Novice: 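A single structure is presented below for examination.
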There are 4 protein chains.
Amino acid sequence: MLPSGQPKFRRRKAERPSEIIDAALAVFAEKGFAAAKLDEIAARAGVSKGALYLYFATKQDLFRAVVEQAIAPNLHLIRTAIAAHPGPISDLLRLIAGRLAEVVERLPVGGVVKMVIGEARNFPELARVWHDELVAQALDAMTDAIRAAQARGEVRPGDPRAYAVQFVAPMLVGVIWRETFVPVGARPFDLPALMRQHIETLLTGLLTEEAHA
Amino acid sequence: MLPSGQPKFRRRKAERPSEIIDAALAVFAEKGFAAAKLDEIAARAGVSKGALYLYFATKQDLFRAVVEQAIAPNLHLIRTAIAAHPGPISDLLRLIAGRLAEVVERLPVGGVVKMVIGEARNFPELARVWHDELVAQALDAMTDAIRAAQARGEVRPGDPRAYAVQFVAPMLVGVIWRETFVPVGARPFDLPALMRQHIETLLTGLLTEEAHA
Amino acid sequence: MLPSGQPKFRRRKAERPSEIIDAALAVFAEKGFAAAKLDEIAARAGVSKGALYLYFATKQDLFRAVVEQAIAPNLHLIRTAIAAHPGPISDLLRLIAGRLAEVVERLPVGGVVKMVIGEARNFPELARVWHDELVAQALDAMTDAIRAAQARGEVRPGDPRAYAVQFVAPMLVGVIWRETFVPVGARPFDLPALMRQHIETLLTGLLTEEAHA
Amino acid sequence: MLPSGQPKFRRRKAERPSEIIDAALAVFAEKGFAAAKLDEIAARAGVSKGALYLYFATKQDLFRAVVEQAIAPNLHLIRTAIAAHPGPISDLLRLIAGRLAEVVERLPVGGVVKMVIGEARNFPELARVWHDELVAQALDAMTDAIRAAQARGEVRPGDPRAYAVQFVAPMLVGVIWRETFVPVGARPFDLPALMRQHIETLLTGLLTEEAHA
DNA sequence: TATGAATGAGTGTTCATTCAT
DNA sequence: AATGAATGAACACTCATTCAT
């Protein structure tokens, strides 16, 4: 309590939107869209409720901004993965698995995943954006890589798109587990370890005899 | 105001609660807890809004009833699966996979899964019930079966709990995909086929040389 | 404070809308649309704020209902006035003037007039409805009657529509005066007397014989 | 951040208040007090919202300034009209009618009238100021002139105050008509012509010689 | 002076819950 | 048991007002 006190206002036009989006992500992820209160988002962002409306016209707009921004960093991940070289498929899968494990430890993926799953019916445009710009692209890229490997004789016959899902599913389930059941006492998974074991299991089953040699 | 009036068929009150729960499941699954309106639930159940309160004290209670009831049929599935152990693990996994695929085609699993994932933070007791009474039991049963198979030399070394997750993950992801992205135009998966391919891939990688013979 | 107390609710579906409209008319007339609070309207109607929404979807809808209902009784007045023509114009004008004076003493015309004038720019549809269904019809009917009287040689040459306005203007101004300045201490007008004098003046002129000479 | 910057022309501060008042008049007249937004007033005045508070302490103060300023030019009109007496009353009335028609074509009288009528209940002091300093004075002056004319035998017996109202009412109604109904498609009145016809009618009467007989 | 980002009390609207019928 | 009109607390959003710059 210095005699001067802190200023009641801070003028920070540039930083505010992302501060608000971060706070909103946290609250939306925790509560879902409808149950999230703007009061709480504002409080967490350290601004007044009215200030939210300087940057986002409605609660829905704010939600859209949150979900759309959450795509950005991941897009990078995909592009690098897509660019991922001609080498043997086993290397590629190990590489991607490692990347995924990292991302998942570092970013609030869980919250975003829950938001998208939970609000897809209420915000179909968002589900569409996520599918078209992120999920489908990632899945297609994986599928292409696997199909190419099949053509090279590295991977056994089978639906390559299904193989791609088999590949990422445990990571996704691990994240959901962490978000859903760990907070109520469930034993957590060591996601990187889970993914390592999964890759090796999958490779053993996925690869042809020659590819193993 | 004729004394007779139309001959109103009143359903027996015994059926009302489950009719309401069914309607509520549909709405909660579609909208999430907070965005679900009692008006809509009542309308779908064919009763007045006030009537809901004859059977459920609050919206939360109704939600609890919905989530808890959704456990019941699945519990049966698990118990039979648990009881199925003696033979080789490959048979067990194929059996369970088939059962899962059936259930998933027949029951509104997707909606329930979304509800549990989406509202876990808002209703921790529900997440706990689901974990303790259903998910953890299923996972433990699977883990035990795999561990036993390892002891018998059928399954390669590795974390059996992780193996269990690897096993079910694609089915779960397939269901989520169906709920989330198919409505906005995504290409659906043939879940039984996905699960069949997954089992075979996994078994090839999971089993020891001897078990393959 | 009888031990039983009054019932908290009253079920009066049929009466409510008009009770609410009456209360709303009072408040809108006094404050204007924007400054009128639904809380106050509800309180004056003896219902809760929420109850308003059982009958009117929005504040604007309620306002529309108020303004539109205010047309109904006046429409009757016009129709009879229109039907009244055959005799000499002087009789017709005296008749209508008497009717107007009555209406203006009995109904909350002033509030309605203020509402329509004050909110015409904010609610053009309402201004249009009022014009098309009430004001223009009345003015046209008067104009026709005067034109017919001119054809019969009863009325001097001149724009009959202007004559019609000259005829009703003092009544309107008198009402506005009553609403606007009397509450702050202005000397009121005796509207019937004003109208009687006006009619006679209009019919015979202001000036004395000598003044004309 | 060059030291020079653009050569900004700053208007002298002395002009600001009246610029703001003009803008405010436009917005208040169009929307009414409550529906008028300071944002819009500031924008029309070409200043920031904050700048309004350098000149007016509150929105109400600004409104007061607007309504009070609107009195000034009219006061002049009255004084000259009052000074105009000696000749025959017919000349006086024709003179004043011409002045009124001019004023009404040139100044935003309509908006002011609407403001005063619409907000009289919300701002009684303003209604009082308008009454005491403008309307009552004008009416009294007219009344006195008419009474004097009666004493001179120029005007028939009757309530001179009522005669005064009869005199100005069509002009007022014409202005209100222009503000209220013309924007939604009503046929406008030619106000000077209306007033000319009105004066002559009032002076000589509506009826023909024969009709009187 | 002047700005405009920031505030927060206030209002329209929603909806879970109650209760007279 | 069943209804649905009515309630009122809660929330999204607005806007007059403030203040750091």
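Not measured: the values here are computed from a predicted model.
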Novice: Reading DNA chain E 5' to 3', how would its secondary structure be written in dot-bracket notation, given Watson-Crick and G-U pairs with both distances under 3.5 Å, brackets [ ] for crossing pairs and | for partners on other strands?
Specialist: .||||||||||||||||||||

Novice: Taking the nucleotide of DNA chain F with the closest heavy atom to each, which residue, A36(D) or Q60(A), is nearer the 5' end?
Specialist: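 Closer to the 5' end of DNA chain F: Q60(A).
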
Novice: Taking only the side-chain nitrogens and oxygens of Y55(D), find out if one of them lies under 4.0 Å from OP1 or OP2 of dA2(E).
Specialist: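 Checking Y55(D) against dA2(E): at least one side-chain N or O falls below 4.0 Å of OP1 or OP2.
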
Novice: Give the rounded distance in Å between these two atoms: NZ of K37(B) and P of dT13(E).
Specialist: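 The distance from NZ of K37(B) to P of dT13(E) comes to 16 Å, rounded to the nearest Å.
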
Novice: Using whole Å, report how far OH of Y53(A) lies from P of dG10(E).
Specialist: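 Checked: the OH to P distance equals 18 Å.
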
Novice: It should be established whether R16(D) places a side-chain nitrogen or oxygen under 4.0 Å from OP1 or OP2 of nucleotide dT1(E).
Specialist: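 For R16(D), the contact criterion (side-chain N or O under 4.0 Å from OP1 or OP2 of dT1(E)) is not met.
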
Novice: Please state how far atom CG in L38(D) lies from atom C1' in dT14(F), giving the value in whole angstrom units.
Specialist: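 Whole-Å distance recorded here is 12 Å.
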
Novice: Is it the case that the side chain of W130(C) and the backbone of A120(C) share a donor-acceptor pair, with hydrogens and angles ignored and the cut-off at 3.5 Å?
Specialist: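 No, W130(C) side chain to A120(C) backbone: no donor-acceptor pair under 3.5 Å.
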
Novice: Which is more 5' along DNA chain E, the nucleotide nearest A51(A) or the one nearest A57(C)? Just name the residue.
Specialist: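 Taking each residue's closest nucleotide, the earlier one in sequence belongs to A51(A).
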
Novice: What is the distance, rounded to the nearest whole Å, between atom CD of E15(A) and atom P of dA5(E)?
Specialist: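 In whole Å, dA5(E) P and E15(A) CD are 13 Å from each other.
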
Novice: Kindly give the heavy-atom pair with the smallest separation between R121(D) and E179(C), and that separation in Å.
Specialist: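 Taking R121(D) first and E179(C) second, the nearest heavy atoms are NH1-OE1, 3.4 Å.
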
Novice: Can you name the nearest heavy-atom pair linking E119(D) to F33(D), along with the distance?
Specialist: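 Closest approach of E119(D) to F33(D), heavy atoms only: OE2-N, 2.7 Å.
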
Novice: List for me each residue that meets side-chain hydrogen bond (donor to acceptor under 3.5 Å, both in side chains) alongside E125(A), sequence neighbours excluded, and say none if there are none.
Specialist: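 If we apply the side-chain hydrogen bond (donor to acceptor under 3.5 Å, both in side chains) test to E125(A), skipping adjacent residues, the hits are R64(A).
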
Novice: Output, in order, the C-alpha distance, side-chain angles, deciding distance and verdict of side chain to side chain contact (heavy atoms under 4.5 Å, CB included) for I41(C) and K59(C).
Specialist: CA-CA 10 Å; I41(C) 293 173; K59(C) 188 187 184 184; 5.9 Å; no

Novice: Measure CG/D61(A) against C1'/dC13(F) and give the value in whole Å, please.
Specialist: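 These atoms are roughly 13 Å apart.
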
Novice: Between K31(B) (NZ) and dA16(E) (P), how many Å, whole number?
Specialist: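 It is 11 Å, rounded to the nearest whole Å.
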
Novice: Whole Å only: how far is the CZ atom of F56(C) from the P atom of dT14(E)?
Specialist: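 From F56(C) CZ to dT14(E) P: 15 Å.
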
Novice: Counting any heavy atom closer than 4.0 Å, what does A35(B) reach on the DNA or RNA strands: base, sugar-phosphate only, or nothing?
Specialist: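 Nothing, no heavy atom under 4.0 Å.
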
Novice: dG4(F) P sits how many Å from L52(B) CG, rounded?
Specialist: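 Between P of dG4(F) and CG of L52(B): 12 Å.
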
Novice: Closest nucleotide of DNA chain F for L54(B) versus for K49(C): which of these residues is on the 5' side?
Specialist: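 Closer to the 5' end of DNA chain F: L54(B).
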
Novice: Using the ring of each side chain (for Trp, its six-membered ring), is F63(B) parallel, tilted or perpendicular to F28(B), with breaks at 30° and 60°?
Specialist: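 Perpendicular, since the angle between the ring planes exceeds 60°.
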
Novice: Please compare K59(C) and G50(B) by the position of their nearest nucleotide in DNA chain E and report the one closer to 5'.
Specialist: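 The answer here is K59(C).
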
Novice: Could you point out which residue of K37(C), M115(C), E40(C) forms a side-chain contact (heavy atoms from CB on, under 4.5 Å) with K31(C)?
Specialist: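 Of all the options given, the one that passes is E40(C).
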
